[in-house]
Amino acid sequence: MKNIIPPVKGTRDFYPEQMAVRTWLYATVRRVSESFGYQEYEAPILEALALYAAKSGEELVKKQSYVFTDRGGEEITLRPELTPSLARMIAQKQGELALPARWWSFGPFWRYEKMQKGRSREFFQWNIDLLGVNSAEADAEMVAVAASFLKAVGLTPEKACILVNDRRFMEAEFEALNITPAMKTEVSGLVDRREKMEPAAWEAYALEVGLSPAQLEGLKNLLADKEAWRRSADLVRLFAALKALGADEYVRFDPNIVRGLLYYTGTVFEAFDVSGSVRRAILGGGRYDNLLKDVGGEPLPAVGFAMGDVVIGIILQELGLIPTLATSPASVLVTVFSAELQPGSLALAAELRRAGLNVNCYPEPVKLPRQFKFADRMGMRVVLVLGPDEAANGNITVKNLSSGTQEVLKRTAVLEAVKRILEKS
RNA sequence: GUGCCUGUAGCUCAAUGGCAGAGUCCCUGACUGUGGAUCAGGUUGUUGUGGGUUCGACCCCCAUCAGGCACCCCA
């Protein structure tokens, strides 16, 4: 065991059991995305480093990206996020795409991070975006998709919520406090950090950044004001649309949500697990109206969000919301009684497969208890036995593993009998 | 990059500085053509690694590696 080369730090081996969970998550994401009419797409996993240099944020590009130089001397990165690739794909075909575009994707991403709960270096992320519309209703649809997902995986409004804010609104409020545009980014960072710092330390930091005591007081009042959204026409429209979409029970205004990525220009939102064993966002996103122009396309407004598989996986696991998934894709095992009867078992298995069943035929004539135990461990539901007695009379023994009952049937009746057992689920 | 905690059987974990153990899993049998239950028996270790203290170290000390948690950032 000592000689085994371990997996690369931060990666996960997906054994069949875990792969089944990932596939289930992917299927759920697909169902929710498609229910709103979104189309699946995929981008390259390798991208030029330059694609991210402009807009993703210093931390993400300089410290968290896997970068290497390829044999042609190009600086290549394993993609740390998808949005810049999406922006490029849209920009390249802007003249010929049917807009607005509703696109979604689910695939691997890499970030060189310190390992801790909810964070790995290779993770799988759902991205979903609505491009070509700038309206509160478009933002509301995106939030409603997120709410629809939470509902689909069994996270009720008591267990999870989506916190919403608007950067344009916050900037207007900053302006009302005489916070200069030059200080905007710093103050946003300040807001982003508030939950994580001691109140006294946070206030000291605020004054250090350059806020006057009066501005700090105003900022604290703003961040505490859960009704402040009523002063924003956009947010009022957004919440009205969410109510019409039936997603409002998941959604709350929260002026503390600003998000780190530089390219967000308007609505921003994050979903959290309320019970909170993981103090990280389940998903996060917002409006980014300048990104297409910034990667060299025609200006095109857009809104979207991303969800990593790690945090949601932990939460669903802890809340027992991951369904029991079949271990074996085949629910039927054909046993092999002896070397002489093995061809008969192979033929029986093949016959059932031709009839559309998934069938596992034991690969060697070992003793029956072992084969039954294997069927049990694999979660199979029906075991077929073709032994000397059956062979002599043209019969097959059909055993129902869930009930423990079995019957000896004519071979021609086996298919129907197996189907009946499987249908009973 | 900073701080704290943890490394013992495949897995989960015990063991006042004094013979390294239990549960689980696995294997065998009770049951030679039947799994999941029960019972009996059995296998499983360089105690992360390297030094030191000691008559004696899983235990104490130092170093190192790995993992976890928090900070930073973020899905």
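Basis for what follows: all heavy atoms, side chains included, without hydrogens, waters or symmetry-related copies.
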Side-chain atoms of A:K367 come closest, of B:G33, B:A75, B:U28, to B:U28
What is the distance, rounded to the nearest whole Å, between atom CD1 of A:I257 and atom P of B:A75? 11 Å
Indicate, with a heavy-atom threshold strictly under 4.0 Å, whether A:T397 touches base, sugar-phosphate, or nothing. base
Taking atom types as they are modelled, is there a donor-acceptor pair under 3.5 Å from the base of B:G33 to the side chain of A:Q406? no
What integer distance in Å separates A:F109:CZ from B:C74:C1'? 14 Å
Name the closest nucleotide to the A:P369 side chain, picking from B:C74, B:U34, B:A75. B:U34
For A:I312, which contact category applies under a 4.0 Å heavy-atom criterion: base, sugar-phosphate, or nothing? nothing
Could you tell me how far B:G7 sits from B:C61 if I compare only their P atoms? Round to whole Å. 13 Å
Hey, are A:R79 and A:E42 close enough for a salt bridge, meaning a charged N less than 4.0 Å from a carboxylate O? yes
Sugar-phosphate only, base, or nothing, as touched by A:V385 at under 4.0 Å among non-hydrogen atoms: base
Find which nucleotide of RNA chain B each of A:R370 and A:P388 is nearest to by heavy atoms, and output the residue with the more 5' nucleotide. A:R370
Take atom CD1 of A:I162 and atom P of B:A75, then tell me their distance rounded to the nearest Å. 15 Å
Over all strands shown, is A:S402 touching base, sugar-phosphate only, or nothing at heavy-atom distances under 4.0 angstrom? base
Among B:C73, B:G33, B:A75, the one nearest any side-chain atom of A:V310 is B:A75
Do A:R111 and B:C73 have a side chain to base donor-acceptor pair shorter than 3.5 Å? no
Spacing between A:L401 atom CG and B:G36 atom P, to the nearest angstrom: 11 Å
Atom NZ of A:K117 and atom C1' of B:C69: how far apart are they, to the nearest Å? 9 Å
Under 4.0 Å, counting only non-hydrogen atoms across every strand here, what does A:D309 touch: a base, just sugar-phosphate, or nothing? nothing
Without decimals, in angstroms, what is the distance between A:I314 CD1 and B:G68 P? 11 Å
Heavy-atom contacts under 4.0 Å between residues 371-380 of chain A and RNA chain B, which residues? A:F372, A:K373, A:D376, A:R377
Would you indicate which nucleotide in B:G35, B:C73, B:G33 comes nearest to any side-chain atom of A:K399? B:G35
A:R280 CZ to B:C72 P, straight-line distance once rounded to whole Å: 10 Å
A:R102: which residues meet the salt bridge (charged side-chain N to carboxylate O under 4.0 Å, His left out) condition with it, sequence neighbours left out? A:E141
Check every strand shown and say whether A:G285 touches a base, only sugar-phosphate, or nothing at a heavy-atom separation below 4.0 Å. nothing
Taking salt bridge (charged side-chain N to carboxylate O under 4.0 Å, His left out) as the definition, give me every residue that meets it alongside A:D376, ordered by chain and number, with sequence neighbours left out. none
Presence of salt bridge, A:R168 and A:D289, under 4.0 angstrom: no
Upstream residue (5' side of RNA chain B) when A:K9 and A:L368 are each assigned their closest nucleotide: A:L368
Between C1' on B:A75 and CG on A:L25, what's the gap in Å once rounded to a whole number? 12 Å
Hey, is A:F123 stacking on B:A75? Ring centres under 5.5 Å, planes under 30°. yes
For a quick check of understanding: with a heavy-atom distance under 4.0 Å over all strands, which category does A:S120 fall into, base, sugar-phosphate or nothing? base
